[in-house]
Amino acid sequence: MVKLKRFGQKLYLALVILFLYAPIFVLVGLSFNSSKSRSKWGGFTTKWYRSMFSNDTILAALRDTLIIALLSALFATLLGTVAAIGINRMKKLPRAMMLGVTNIPMLNAEIVTGISLMLLFLALKLELGFWTVLLSHTSFNVPYVILSVLPKLKQTNRSTYEAALDLGAKPLRAFFAVVLPDIFPGVLSGFLLAFTLSLDDFIITHFTRGNSVSTLSTLIYSETRKGIKPEMYALSTLLFVSVLVLLIFINRAGAKQEKKRLQQNAA
Amino acid sequence: MKKKNTILLSTPYGLWMLGFTIIPLLMVVGYGLTSRSDGSFTLDNIRLIASPENRRALWLSVRLSLLSTLFCLLIAYPLAMVLRNMKFKSNSLLVMLFIMPMWINSLLRIVAWQNILERKGVLNTLLQFLHLPAVNIINSPAAIVLGMVYDFLPFMILPLYNTLVKIDENVINAAHDLGAGNFHTFTRIIFPLSIPGVISGITMVFVPSLTTFVISDILGGSKVLLIGNVIEQQFQKLANWHSGSGLSLVLMLFVLLSMALVAKYDKGEGSANVW
Amino acid sequence: MKFKNARCFTALSISFFLALSGCGDGGEGDDSDLLHGGDDGDAFSLTATGSYKAGENGDVYVYNWGEYIDERVIDIFEKDTGIRVHYNYFEENEDMYPIVATGAAKYDVVCPSDYMIQKMIDEELLLPLNYDNIPNISNIDPEYLKSAENFDPGNLYSVPYCWGTVGILYNKTMVDEPIDSWGVLFDEKYSQEILMINSVRDAFMIALEYLGYSQNTTNEAELDEALELLQKQYPLVQAYVVDQVRDKMIGEEAALGVIYSGEAIYTQRENENLVYVVPKEGSNVWIDSWVIPKTAQNKENAEAWINFLCRADVALANFNYITYSTPNKAARELIEDEDIRNSEIAFPGSEILERCETFRYLGEEAEAMYLNKWNQRGGN
């Protein structure tokens, strides 16, 4: 009976995972399709992988996408974590106000955010380009970081931080020694989420990118008129496989560490 | 004194939000409440929502978004319970498992769904091979709901899992010791404790579903008009930022409503508990 | 323990990103054959005659449709002129417009469609061209310069780049009658087999032409009649699409679809059952042309760019890559494949063109009226 229940649970998990990953399997399939059309199988090929690596436009877009995602996620994590600590200490009313403002970019229609940011940058006479995209991405990412960090902050025990201060630690040191380790999982998931959202954004990037920078998203959207280039499927496949390998590696490492810890505990 | 200092930590963020969220938002309000021709104050842009097609689009968007939110909840809740029972070692690994699909461009993934669902698509080829009847939901509202559920499911799973995993095992054991069956333990203990996660999951799925337009174009065959499409048309096709902003303000009303809902159930606890 | 794990994870992911982003700097993509997958028409040799270094003679900022140029052309332009090209792309005229109109990005040369060019001329967003810098204009067939006068009287602001017609693509194994009229799109026999175009003006063009009215009408009674027709059509339509019609027709998802002529050639290469026809009632002919926005900072370089694209061999390379018809008669004469040179799809005869018209920009009010009526076509 218990076994059956276990099996049922695993089956359910597998089904949901299948649902989430099914379209990615289709993209992997398409990356080996020698026909440029997505609705015709023209035979197996790896030529899209070769042509992807010789396509400067795609590689430059990949580079800019990753740099923007990484930097905006880092800035957002920094700004958001610090802000969350402040908000956590606030009284009810100012806190509610700050959180209300935090919710706006998350809940606003993207096209409105995009156009309003473009208008702002134009009014400020900033030249649209890499930096305006980075600013925009950072600002829609910060709220997600705050909302990931806050719950962890609430779970941390204030008295340990204060004890550290009583023992003579400087506030900054007490923060790094006591608070940060406690909230780190929240900081990390905030970072990951910010990175992910930045990777995928099209509309806000479109309106704030000016004439000098392009990301994979804007590239893919511009291709829809003539058909998405199969190189994009190849790139997605490579990205997917790299992350998968990374995950498996970490999982292995994690299991090993766990084992070591248990052995140490036993001894 | 110390407390004041820590509160000051949120100043940079406050300034940031003032500059990059509130001021742009005020610009949208400004456009929404003024006339395109002479810049005078008007409610005409807001009144656009009252036309029969736009009302229908709004109503349909609300219905489809509610449906997709409901499906997300029905799928994600049991899943979060399963994940809770499995007791994963690494939290971030689990987060990655559900975030990773989002690393592949969403347009590509939605196009892939089109490949799966089309009349002669992957799914029907498979079903035919197994001598099963074909599924024909492409270009219908059902396909739009499927697309929304697919796109936003992770936003439901993660906050739910996060609240469920925090429920103390001892509380549940105590309930069992006191003679509560599985059903009662769930309805009286587990579910009430998970409400913050449920609420934030609902907001995180409902609002983006309400504003989407790419999914209805690709999977719905543009057979139906959603409010997201209407706003996009005003901005893109007509380059009319006044009417587009006016309609966005109406949509924001829904956003405010859902935020109020969050605040009500949050009972001063603070944030929408994302994860 | 958990945290150590997490930290190791971050470190790893960061190094992973850095490794990946490093890729962007390498790979000088000279292998143009690979670039094009080797199946984009005949391999035409195109070589640079100059040996400038890009940037020696300044820059040019180009804003074009996505996938609307043979990328080799950019390299050769840089070598021949020493002007560095900053190339960017848009998806729709309507995406391009706010960017250029607000000066959000300062482009030197842009490639919009006919009605959009007219709108931009009306709003004084464009600079007149100096034809002394564009001698290759003589390669452009005067016939197309004449059609372009519909939206740009006197050809003051624009030089045609690509053009085409709108028509019906049908699968000959799925219909059993000759197709020559827009009427099939309103025929119940083809219920759920129709892919209608999801573009306001194009859709009304079809209904209006079928009813015998002008596709540029602003007469509300005529539009209401067209709307009635579109409402009757609604239940018969499988999907309203623009770009997706290509793959759906190749995959035989439907029997009939509305498509731009340039796509028809490509779809036929992928599925030989597909046939393209311009209906007898008449249709739309569109032209995408190069223009120079007011905000341009390198006007002469922009004119050098336009002149370069009018060179016969360059226009031919672009035609082979994009498969949209070229207005460049010198390029057409260079096409070796007789079937393509005489293709009715790529180069329709004058009897077809005579029944086609270009769109005119009708003004904000009329455009809003069209959109408003389009949204009333059906659904719930």
Side-chain angles (χ1 to χ4, degrees), chain A residues 9 12-13 16 20-24 26-27 38 79 82-83 85-87 89-90 92 95 98-101 103-105 107 109 111-112 115-117 119-120 135 139 142 144 147-148 150-151 154 185 188-189 192-193 196 199-200 216-217 220-221 228 232 236 239-240 243 247 250-251 254 258, chain B residues 3 6-10 12-14 16-17 20-25 27-28 75 78-79 82 85 89-93 95-96 98-109 111-113 115-116 122 150 153 207 211 228 231-232 235 241 248 251 255 259 263 268 270-275:
Chain A
Q9 290 187 339
Y12 187 67
L13 177 64
V16 176
L20 287 175
Y21 285 80
I24 296 176
V26 172
L27 293 177
R38 65 166 177 83
L79 200 61
V82 172
I85 293 167
I87 292 174
R89 296 290 183 86
M90 281 180 174
K92 204 176 168 191
R95 181 156 81 179
M98 285 300 261
L99 290 172
V101 174
N103 275 323
I104 295 171
L107 306 178
I111 190 161
V112 179
I115 289 193
S116 65
L117 280 170
L119 293 175
L120 177 80
L135 276 175
S139 60
V142 183
Y144 290 90
L147 295 185
S148 315
L150 265 184
K154 256 180 267 156
L188 185 69
S189 49
L192 282 176
L193 194 61
T196 309
L199 271 192
D200 208 29
L216 286 177
S217 282
I220 289 169
Y221 273 81
I228 291 167
M232 285 298 173
S236 302
L239 198 68
F240 176 73
V243 181
L247 274 184
I250 293 164
N251 199 20
E258 190 74 0
Chain B
K3 194 172 173 188
T6 13
I7 289 177
L8 282 180
L9 285 175
S10 53
Y13 172 69
W16 183 282
M17 291 309 272
F20 295 112
T21 301
I22 297 181
I23 292 176
L25 194 69
M27 293 169 90
V28 174
I75 296 171
L79 184 80
V82 168
N85 293 342
K89 284 185 299 274
S90 163
N91 217 7
S92 48
L93 201 68
V95 172
M96 273 309 290
F98 293 103
I99 283 189
M100 208 167 89
M102 295 198 275
W103 280 27
I104 308 298
N105 184 276
S106 58
L107 181 75
L108 291 182
R109 284 179 294 137
V111 168
W113 268 113
N115 252 23
I116 295 175
V122 177
Y150 171 77
L153 187 62
V207 179
T211 58
I231 294 178
E232 197 242 3
F235 275 114
W241 298 348
S248 309
L251 203 61
V255 170
M259 274 162 59
S271 71
N273 199 349
V274 189
W275 39 70

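The analysis underlying the following values was restricted to heavy atoms, covering all of them including side chains, and did not include hydrogens, waters or symmetry mates.
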Please report the interatomic distance [atom1]([X]) to [atom2]([Y]), rounded to the nearest 0.5 Å.
| X | Y | atom1 | atom2 | answer |
| --- | --- | --- | --- | --- |
| A:Ser189 | B:Ile99 | OG | CD1 | 7.5 Å |
| A:Ile220 | B:Ser106 | CD1 | OG | 8.5 Å |
| B:Leu8 | A:Ile85 | CG | CD1 | 13.5 Å |
| A:Ile228 | B:Asn105 | CD1 | CG | 8.0 Å |
| A:Leu216 | A:Leu239 | CG | CG | 8.5 Å |
| A:Arg95 | A:Leu150 | CZ | CG | 7.5 Å |

If you count heavy-atom pairs within less than 4.5 Å of chain A, which of [options] leads?
| options | answer |
| --- | --- |
| B:Met100, B:Met27, B:Met17 | B:Met100 |
| B:Trp113, B:Phe235, B:Phe98, B:Tyr150 | B:Tyr150 |
| B:Ile75, B:Asn85, B:Leu107 | B:Leu107 |
| B:Ile22, B:Asn115, B:Ile23 | B:Asn115 |

- Heavy atoms, side chains only, cut-off 4.5 Å: are B:Trp16 and A:Leu135 in contact?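 Yes, their side chains come closer than 4.5 Å.
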
Report which part of [X] has an atom under 4.5 Å of a heavy atom belonging to chain B: side chain, backbone, both, or neither.
| X | answer |
| --- | --- |
| A:Ile87 | both |
| A:Leu13 | both |
| A:Ile24 | side chain |
| A:Val16 | side chain |
| A:Leu20 | both |

Measure [X] against the heavy atoms of chain A and call it side chain, backbone, both or neither at under 4.5 Å.
| X | value |
| --- | --- |
| B:Ile104 | both |
| B:Thr21 | side chain |
| B:Leu108 | both |
| B:Leu79 | both |
| B:Ile116 | side chain |
| B:Phe20 | both |

- Quick one: closest heavy-atom pair of B:Pro12 and A:Leu79, and the distance?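 Smallest interatomic distance, heavy atoms only, reads CB-CD1, 4.1 Å.
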
- Task: Over all heavy atoms of both residues, which pair between B:Arg109 and A:Pro23 is shortest? Give the atoms and the distance, please.
- Result: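 Residues B:Arg109 and A:Pro23, closest heavy atoms: O-CB, 3.6 Å.
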
- Plane angle bin for A:Tyr21 and A:Phe240 - parallel if under 30°, tilted between 30 and 60°, otherwise perpendicular: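 Because their plane-to-plane angle lies in the 30° to 60° range, the rings of A:Phe240 and A:Tyr21 count as tilted.
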
